[in-house]
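Here the structure is a predicted model, which means the values were calculated and not measured. Letters A, B, ... are given to chains in the order of the sequence lines, protein chains preceding strands, and every chain is numbered from 1. Just so you know, these numbers use all the heavy atoms, side chains as well, and skip hydrogens, waters and symmetry mates.
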There are 2 protein chains.
Amino acid sequence: MSQQRHGNTPGNAGAVPAFPDLPEATIARLPEYLRALHNLAEAGSDTISSEGLAAAAGVNSAKLRKDLSHLGSYGTRGVGYDVTLLIDQIEYILGLDQRRAVALVGVGNLGHALAGYDGFASRGFRIVALFDADLEQVGKAINGLTVRHVGELRRSVVEDGITIGVISTPPSAAQGVADDLVAAGVTSILNFAPCVLSVPAGVDVRKVDLAIELQILSFHEHRKASLTALPGGLVGEGENQEAVGS
Amino acid sequence: MSQQRHGNTPGNAGAVPAFPDLPEATIARLPEYLRALHNLAEAGSDTISSEGLAAAAGVNSAKLRKDLSHLGSYGTRGVGYDVTLLIDQIEYILGLDQRRAVALVGVGNLGHALAGYDGFASRGFRIVALFDADLEQVGKAINGLTVRHVGELRRSVVEDGITIGVISTPPSAAQGVADDLVAAGVTSILNFAPCVLSVPAGVDVRKVDLAIELQILSFHEHRKASLTALPGGLVGEGENQEAVGS
DNA sequence: CGCGATTTGTGCACGCCTTCACAAGCGCCT
DNA sequence: AGGCGCTTGTGAAGGCGTGCACAAATCGCG
Ligand SMILES: NC(=O)c1ccc[n+]([C@@H]2O[C@H](COP(=O)([O-])OP(=O)(O)OC[C@H]3O[C@@H](n4cnc5c(N)ncnc54)[C@H](O)[C@@H]3O)[C@@H](O)[C@H]2O)c1
Ligand SMILES: NC(=O)c1ccc[n+]([C@@H]2O[C@H](COP(=O)([O-])OP(=O)(O)OC[C@H]3O[C@@H](n4cnc5c(N)ncnc54)[C@H](O)[C@@H]3O)[C@@H](O)[C@H]2O)c1
């Protein structure tokens with residue numbers, strides 16, 4: 001059974017190297033599997049088949065198996081995966097067992113919502129510092145945290161062991177904030193401002209642009225509408241056939 | 001010159017079909033190009049080379065050219081792309097010239113921020129209705145819109161011509177809300193709740209899960225840390241060499 | 001009017017990702 | 001103890017996306 005004795009780590013006694021280089025696509029799905037696994041654990045399941053987990057995560061079961069196989073062999077043929085073991089493995093790979101410290105810069109409309117969100121705690125993160133340039137905001141308390149001036153960023157990053165920075169300032173300020181974060185030693189940034197950030201190699205940036213998401217949906221709406229309007233009639237559910245244009 | 005006379009549409013006199021089926025990857029990048037183009041237009045540029053636009057959008061120039069070539073031939077060799085023309089084309093393809101009506105369901109922490117965000121207007125959308133199940137919230141006004149009870153959703157979707165629904169309720173309520181939206185005729189959903197939604201074929205769902213983004217960043221942090229800690233020493237910038245684990 | 005500089009549009013090759021299909025492995029039941 | 005059914009892990013194939021490299025096209029200038 002290879003004892004649950006993987007314990008907390010890179011003990012590396014198994015077939016897989018201490019840090020397998022997973023395909024990017026796989027990495028992006030692991031969090032989804034993790035969420036589904038937590039739900040299953042809460043529901044009382046001890047084991048889960050690839051089919052079941054795939055359904056819960058909304059993916060193809062073959063894809064899921066291949067993804068998990070990259071982590072090592074944590075399933076049992078004829079049975080499925082041990083839910084708890086798999087949770088531990090994925091959390092370890094994702095580096096979530098450290099409860100990473102996150103800094104949030106720009107406590108405006110969106111920043112407030114993020115700072116007040118308690119859902120991050122259960123997903124492996126602690127927002128430990130809030131920053132803003134506006135003196136009006138500095139000093140205010142949100143969810144037990146006091147907003148500090150952005151000038152204190154560098155010191156805080158070191159003192160609080162911050163590894164991830166979240167930017168929710170207007171786009172005009174985003175690059176400057178990113179530079180500050182990088183200078184302070186942060187090597188991962190989540191950017192909500194609709195702009196491109198340029199950072200040195202070795203720093204990871206992920207961007208979340210809600211308008212882009214809506215625009216992608218808009219494209220598909222547009223496409224669906226133009227298909228129902230066309231003579232082809234390839235679409236099954238076409239009740240509202242409204243002619244387009246001419 | 002093929003006259004700017006494409007006018008407002010699927011006149012379809014060109015080489016490209018009225019509705020080219022673009023690769024999904026291309027569609028996801030068009031909004032980024034559009035944003036960059038708007039910035040350029042504002043800065044006074046009339047034309048822009050693929051190299052310049054690619055830099056502004058943060059992508060490879062060859063990729064950009066291939067993406068744009070799918071829309072048709074809107075560039076001029078030796079010159080570049082006409083900024084205004086390209087904006088119009090991309091907006092047409094994305095279906096943004098209609099200023100799509102969006103409904104927001106779940107006016108809580110996050111919903112408030114979204115409802116109060118004025119940035120959507122300039123990107124082609126109008127949030128025209130807010131819904132919540134909590135009677136405490138119903139009746140409140142946010143940014144000129146009154147929060148309505150979720151029971152009015154169906155009527156509103158029809159009356160207001162809503163085509164996109166945004167879900168920012170707790171995950172436990174999300175599937176129900178999605179069902180309501182679909183029943184009301186909405187065929188595109190943007191979901192902020194961390195859960196998988198199941199919807200009938202023909203309905204598009206996009207998901208935004210902030211915790212997942214952080215977890216992906218966390219993985220890379222973890223990987224970077226384990227590399228600097230290893231004897232290999234492949235990394236250049238390793239000042240804070242803190243041993244991992246043991 | 002022709003030539004060179006510039007930039008687009010694209011053929012091609014390569015690598016990544018997805019999916020199918022199945023052998024290998026495991027537990028349970030008889 | 002042995003066989004049977006179930007599930008994992010993976011080889012192979014196909015499709016998609018990326019990026020190079022270059023021919024075709026356009027402009028400006030002499
Ligand atoms: N609110 C939303 O729902 C929403 C949706 C999509 C995108 N966004 C984007 O998220 C970002 C934030 O949006 P918002 O609505 O919260 O804007 P906001 O104006 O309400 O808040 C921005 C905050 O950033 C602070 N700030 C400005 N410059 C700063 C600096 N240099 N350092 C630190 N703080 C600084 C401001 O003082 C302000 O508190 C914007 O880029 C916006 O485009 C927001
Ligand atoms: N706040 C954030 O920064 C944040 C970050 C990431 C993810 N999320 C996710 O976004 C969603 C919303 O988060 P939040 O912080 O705004 O939560 P919230 O509890 O503050 O707000 C949820 C709102 O939805 C309403 N609601 C509940 N059931 C409903 C129903 N059936 N129909 C209509 N409305 C209903 C509630 O009355 C409440 O107003 C959650 O799923 C959360 O996990 C939020």
Integer-rounded Å distance: [N] [atom2] and [X] [atom1]:
X	N	atom1	atom2	result
B:D82	D:dT26	CG	P	15 Å
A:I48	D:dT7	CD1	P	10 Å
A:R65	C:dA23	CZ	P	15 Å
B:H70	C:dT8	NE2	P	16 Å
B:L86	C:dT8	CG	P	11 Å
A:L53	D:dT7	CG	P	14 Å
A:E51	D:dT8	CD	P	8 Å
A:L22	C:dT18	CG	P	13 Å

Side-chain N or O of [X] less than 4.0 angstrom from OP1 or OP2 on [N]?
X	N	answer
B:N60	D:dC20	yes
B:Y74	C:dT7	no
A:R29	C:dT18	yes
A:S73	D:dG9	yes
A:S50	D:dT8	yes

When A:R77 and A:A62 are each assigned the nearest nucleotide of DNA chain C, the 5'-most assignment goes to A:A62
By nearest-nucleotide position on DNA chain C, the 5'-leaning member of B:G75 and A:V79 is B:G75
Checking D:dG19, D:dG11, C:dG27 against the side chain of A:K66 (C-beta onward), the nearest is D:dG11
A:K63 has its side chain closest, among C:dT18, C:dG27, D:dT8, to C:dT18
#### Entry: Pair A:E32 + B:K207: basic N to acidic O under 4.0 Å
yes
Original post:
Do A:D21 and B:R223 meet the salt-bridge criterion of a basic N to acidic O distance under 4.0 Å?
Top reply: no
Checklist entry - Once the angle between the rings of A:F19 and B:F219 is folded into 0 to 90°, is it parallel (under 30°), tilted (30 to 60°) or perpendicular (over 60°)? => result tilted
- A:Y33 ring center near A:Y81 ring center (under 6.0 Å): no
For this session: Classify the side-chain pair B:S188/A:E221 by whether it contains a donor and acceptor separated by less than 3.5 Å.
Result: yes
